[in-house]
Amino acid sequence: MTEVAPDLSGSSPGEPSGGPSDGPLPFFVYGTLRPGEHNHDLFLRGRTVREEPAGLAGALLYDGPGYPYAVESPGGVESPGAGTGPGAAPGALVVGELVTAASSAYAELLSVLDELEGYRAPGDPRNLYERAARDMLRADGTAVRAWVYFAAPRTARDLRRRGRLIAGGDWLAHITPAP
């Protein structure tokens with residue numbers, strides 16, 4: 001299984017690795033930044049122009065200490081022996097929202113989210129999460145490139161070995177008590 005590859009391309013914020021974009025990328029949020037969660041109100045309210053349901057294919061969601069971690073799983077397949085516990089499912093998908101920042105708030109929001117997620121720089125060993133540009137799937141099936149924060153390599157390795165998968169890849173469903 002490959003680790004999340006840090007972006008060493010020299011891309012500027014808002015630009016996916018591998019080349020220029022048509023503008024700033026939206027953000028894919030899957031945990032405490034989702035609508036209704038406390039960090040959404042603290043960091044996103046009033047700074048966005050659009051929020052819509054979306055999914056991240058080829059990733060699994062793990063329960064962390066109070067918040068989730070997305071871990072890339074290329075091809076939607078975990079390494080042998082991993083992902084066999086509760087919540088493991090073929091076709092790995094993380095459920096979340098695609099958040100488009102107001103243009104006037106984009107640079108500040110990118111900086112604030114990097115700080116919140118413990119992201120310092122591509123490949124920095126102190127990172128809690130790595131920020132990467134990936135294709136997200138909208139509810140209508142169209143793809144859109146967006147920033148997503150994945151568990152940093154060391155954390156991802158530990159989660160693959162002994163982490164607890166979140167059933168269905170949906171943090172909100174995971175933390176909501178069943179009726």
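Nothing here was measured: the structure is a model prediction, and the numbers come from that model. Sequential numbering from 1 along the given sequence is applied to the chain's residues.
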Trainee: Should Phe28 and Leu137 be regarded as members of a common hydrophobic cluster, given that ILVMFWY residues are connected when their side-chain heavy atoms come within less than 4.5 Å of each other, either directly or indirectly?
Mentor: no
Trainee: Measure the CG-CG distance between Leu109 and Leu44 for me, rounded to the nearest 0.5 Å.
Mentor: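 The CG atom of Leu109 sits 5.5 Å away from the CG atom of Leu44.
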Trainee: Nearest 0.5 Å, please: how far is CH2 in Trp147 from CG in Asp114?
Mentor: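 If we round to the nearest 0.5 Å, Asp114:CG and Trp147:CH2 are 8.5 Å apart.
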Trainee: Hydrophobic clustering (ILVMFWY, side-chain heavy atoms < 4.5 Å, transitive) - are Leu172 and Met136 grouped together?
Mentor: yes
Trainee: Name all pairs fulfilling the salt bridge (Lys or Arg N to Asp or Glu O under 4.0 Å) condition that reach into residues 28-39, sequence neighbours left out, sorted by first residue then second.
Mentor: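 Residue pairs with at least one partner in residues 28-39: Arg34-Glu97, Arg34-Asp170.
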Trainee: Identify, with sequence neighbours excluded, every residue that meets side-chain contact (heavy atoms from CB on, under 4.5 Å) alongside Glu115.
Mentor: none
Trainee: Measuring from atom CZ of Arg45 to atom CG of Asn39, what distance do you get when rounded to the nearest 0.5 angstrom?
Mentor: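 Going from the CZ atom of Arg45 to the CG atom of Asn39 covers 12.5 Å.
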Trainee: Should the pair Arg162-Asp158 be classified as a salt bridge under the 4.0 Å nitrogen-to-oxygen rule?
Mentor: yes
Trainee: Taking the side chain as everything from C-beta on, heavy atoms only, tell me whether Leu116 gets closer than 4.5 Å to Thr32.
Mentor: no
Trainee: Just do the side chain to side chain contact (heavy atoms under 4.5 Å, CB included) check on Leu113 and Tyr149 with the steps written out, would you?
Mentor: CA-CA 9 Å; Leu113 293 180; Tyr149 292 89; 3.5 Å; yes
Trainee: Please round to the nearest 0.5 Å and tell me the distance separating atom CZ of Phe27 and atom CD of Glu51.
Mentor: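 Result: 12.0 Å between the selected atoms.
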Trainee: Applying the side chain to side chain contact (heavy atoms under 4.5 Å, CB included) criterion to Arg131, which one of Leu25, Leu110, Val148 satisfies it?
Mentor: Leu110
Trainee: In terms of ring plane angle, is the pair Tyr69 and Tyr129 parallel, tilted or perpendicular, where the classes change at 30° and 60°?
Mentor: parallel
Trainee: Taking the ring of Phe150 and the ring of Tyr30, is the distance between their centroids below 6.0 Å?
Mentor: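 So the answer is no for these two rings.
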Trainee: Val49 and Ala101: which non-hydrogen atoms are nearest, and at how many Å?
Mentor: CG2-O, 4.0 Å
Trainee: Check whether Asn127 reaches the backbone of Tyr119 with its side chain - one donor and one acceptor, N or O, closer than 3.5 Å.
Mentor: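 Between the backbone of Tyr119 and the side chain of Asn127 there is no qualifying donor-acceptor contact (under 3.5 Å).
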Trainee: Could you walk me through whether His174 and Arg164 pass the side chain to side chain contact (heavy atoms under 4.5 Å, CB included) check?
Mentor: CA-CA 12 Å; His174 174 70; Arg164 191 172 75 151; 3.4 Å; yes
Trainee: So do His40 and Val99 actually touch side chain to side chain, heavy atoms under 4.5 Å?
Mentor: no
Trainee: Going by side chain to side chain contact (heavy atoms under 4.5 Å, CB included), Asp63 matches just one of Leu165, Ile175, Ile166. Which one?
Mentor: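 Only one option passes, and that is Ile166.
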Trainee: Is the shortest side-chain N to carboxylate O distance from Asp124 to Arg126 below 4.0 Å?
Mentor: yes
